Amino acid sequence: MQIDPERLYQELARLGEIGAYTDDRTGLRGVNRLALTEADGAGRRHVVQSMLDLGLGVRIDKIGNVYARQEGREPGLAPVMIGSHVDSVPTAGRFDGCLGVLGGLEVLRTMAEAGHRPRRPIVVAFFTDEEGCRFGTDMLGSAVATGRLSLEQATGLLDAEGNRMGEELQRIGFEGEHPVELDPPYAYLEVHIEQGPVLRAHGVDLGIVTGVQGISWQELTILGRSAHAGTTPMELRRDAGLAAARINLFLHELTARIPGARATMGAIRPEPGLVNIVPGRVVCTVDLRNPDEALLAQAEAELAAFLVQVETLDGVQIEARQTARTPPVAFDPAIQARIEAAAKGLQLSTERIISGAGHDAQELARLCPTGMIFVPGEHEGISHNPRELSTMTQCGDGVQVLLRVVTELAEA
Ligand code: HGY
Ligand code: MN
Ligand code: MN
């Protein structure tokens, strides 16, 4: 059986037009389907329609996860699941997450055209709010489906405007009636763009993902005192903006000292945020990552100690709220071996690689043997940016290997 790379690429382009915008600086077409916005709702409805057109049984659970099922020759068996996400960051490309979902549908389309009925059922899923940047916790839907977070914790989350996650889910019409608890699949596979430079730089066709690094997200609220920028002597200030800058610099020094550490202050919101007022309040975020759990915990502890110093130094108060925390996760070696063999059978070169980004697969790994296939990206694999680009061949190779591995597992 051969998937149709052209059809796959066209499906990616069609979905990529939902929530699309033209970046006024670069003129590039970007995608904004932030979780549970109208655009996300439209993207979801578009994919559900494709699932129904394929004759799949579609089930939506109480957190908005969508599961589309192709029955097998022996329906009672645990299914092989293929999944990812269709929500995006506000400045996305058209591949992040979508390749995994549309690639799964391409696998089922190809099987149907070949008249191939697998022994096991196959389910193609997309999970709610994988990105996490609206409600502050990533892999939200898959974390609830696999029991890391409760439905109540998830639906109670608020976005920066105070909108409640549960109400936003109802508003876009995706609060399903099925229980969120997911019965363990037989196996879970996810194809995803690498979102980094490694595979392309090494001239490798595909990545066999060994696991996902640990992730720690915090929201810091820094309280100082607003004051006149002209009349307030420097030594009398309690400048929350200065405190945030000190913390940002500290994060970068931290990464020079702790092996494998990555640190990012992605959001910095000074208030009142005006030219002639010393910021009295800053809300900012900290994203810490490391493949090693102990080193990630060390970075968290060193940051916590530094915050105490900054409070004294700048006369501010700092409240740190943990908004996401996932340990490093290793993927199943037997599934990695199957991916490697399938790629070899197609004369595709591979390399083992750890994922820098979080993925739904890291949650599913709690329930069943799980694997990921990475597809290289052009432009140094840039992602979370409209310049995100993987070629038809790169996407097609990834999904062809997915087809082989899923076909094998569905006969096991
Ligand atoms: O943040 C991440 O790693 C993922 O894109 N949600
Ligand atoms: Mn993703
Ligand atoms: Mn992403």
Side-chain angles (χ1 to χ4, degrees), residues 19 21-26 28 30-40 87-92 129 131-138 156-165 167-168 215-255 262-289 300 303-304 306-324 384-386:
Y21 69 94
T22 302
D23 185 298
D24 44 23
R25 273 185 314 112
T26 61
L28 285 169
V31 175
N32 177 0
R33 285 200 306 273
L34 194 62
L36 309 188
T37 57
E38 283 312 320
D40 182 26
D87 66 290
S88 82
V89 294
T91 56
D129 191 10
E131 294 293 358
C133 48
R134 179 175 178 193
F135 297 96
T137 298
D138 55 356
L157 291 172
L158 301 176
D159 68 6
E161 280 73 48
N163 301 302
R164 239 180 111 265
M165 190 268 169
E167 276 137 45
E168 291 298 282
I215 303 174
S216 163
W217 285 3
Q218 296 180 59
E219 181 185 79
L220 306 182
T221 303
I222 305 171
L223 290 177
R225 185 178 55 197
S226 300
H228 194 296
T231 56
T232 314
M234 298 309 282
E235 67 279 9
L236 295 184
R237 296 181 181 205
R238 288 163 50 194
D239 184 340
L242 174 62
R246 258 192 239 282
I247 295 164
N248 203 351
L249 214 53
F250 172 82
L251 290 175
H252 286 263
E253 283 153 13
L254 199 69
T255 58
R262 288 186 181 155
T264 312
M265 185 178 279
I268 309 174
R269 293 193 290 272
E271 294 170 14
L274 298 170
V275 62
N276 60 352
I277 305 176
V278 176
R281 183 174 187 270
V282 170
V283 176
C284 56
T285 58
V286 175
D287 177 321
L288 295 170
R289 309 227 184 173
E300 288 175 320
L303 172 61
F306 185 68
L307 296 184
V308 175
Q309 288 179 36
V310 172
E311 286 185 316
T312 313
L313 217 51
D314 292 327
V316 296
Q317 272 176 315
I318 302 175
E319 181 222 319
R321 188 165 67 88
Q322 184 100 53
T323 54
H384 287 189
N385 180 306

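Given the structure is predicted, the values throughout are model-derived calculations rather than measurements. Values below: all heavy atoms of this structure, side chains included; hydrogens, waters and symmetry mates excluded.
The CZ atom of Arg321 sits 10.5 Å away from atom CG of Leu220, with the distance rounded to the nearest 0.5 Å. Here the straight-line distance linking atom OG1 of Thr91 with atom CG of Leu28 works out to 11.5 Å at 0.5 Å rounding. Atom NE2 of residue His252 and atom CG of residue Leu254 lie 10.0 Å apart, to the nearest 0.5 angstrom. Taken from CD in Gln218 to CD in Glu319, the straight-line distance is 11.0 Å, to the nearest 0.5 Å. The CZ atom of Arg33 sits 13.5 Å away from atom CD of Glu38, with the distance rounded to the nearest 0.5 Å. For the atom pair Leu251 CG and Thr264 OG1, the distance stands at 8.5 Å (nearest 0.5 Å).
Of the possible donor and acceptor atoms, none in the side chain of Arg237 sits under 3.5 Å from a partner among the backbone N and O of Ala227. Between the side chain of Thr255 and the backbone N or O of Arg262 there is no donor-acceptor pair closer than 3.5 Å. For Asp87 (side chain) and Glu131 (main-chain N/O), a donor-acceptor pair under 3.5 Å exists by modelled atom type. At least one donor-acceptor pair closer than 3.5 Å links the side chain of Thr285 to the backbone N or O of Ala267. In terms of modelled atom types and a separation under 3.5 Å, the side chain of Arg225 and the main chain of Leu236 share a donor-acceptor contact. The backbone N or O of Gly273 sits nowhere less than 3.5 Å from a side-chain atom of Glu271 that would complete a donor-acceptor pair.
Inter-residue side-chain proximity for Asp129 and Leu157 is flagged as unmet; no heavy-atom pair is nearer than 4.5 Å. The closest side-chain heavy-atom distance from Glu300 to Leu288 is below 4.5 Å. Side chains of Tyr21 and Pro386 form a contact here, defined as non-hydrogen atoms less than 4.5 Å apart. Side chains of Leu36 and Phe135 form a contact here, defined as non-hydrogen atoms less than 4.5 Å apart.
Of all the heavy atoms in Thr232 and His228, the pair that sits closest is OG1-O, 2.6 Å. The heavy-atom pair separating Pro272 from Gly280 by the smallest distance is CD-N, 4.4 Å. The shortest non-hydrogen separation linking Ala244 to Met265 is O-CE, 3.6 Å. Taking every heavy atom of both residues into account, Ala243 and Asp314 meet most closely at CA-OD2, 3.3 Å.
Put simply, the residue from Val316, Ile222, Ile247, Val286 that forms a side chain to side chain contact (heavy atoms under 4.5 Å, CB included) with Leu307 is Ile247.
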| field | Audit row: Arg134, Asn163, side-chain contact (heavy atoms from CB on, under 4.5 Å) steps and yes/no | value | CA-CA 10 Å; Arg134 179 175 178 193; Asn163 301 302; 3.8 Å; yes
| task | Would you check, one step at a time, whether the test side-chain contact (heavy atoms from CB on, under 4.5 Å) holds for Trp217 with Thr137? | result | CA-CA 8 Å; Trp217 285 3; Thr137 298; 5.8 Å; no
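Crowding of Glu253 atom CD: a count of heavy atoms from other residues, nucleotides or ligands under 6.0 Å exceeding 12.
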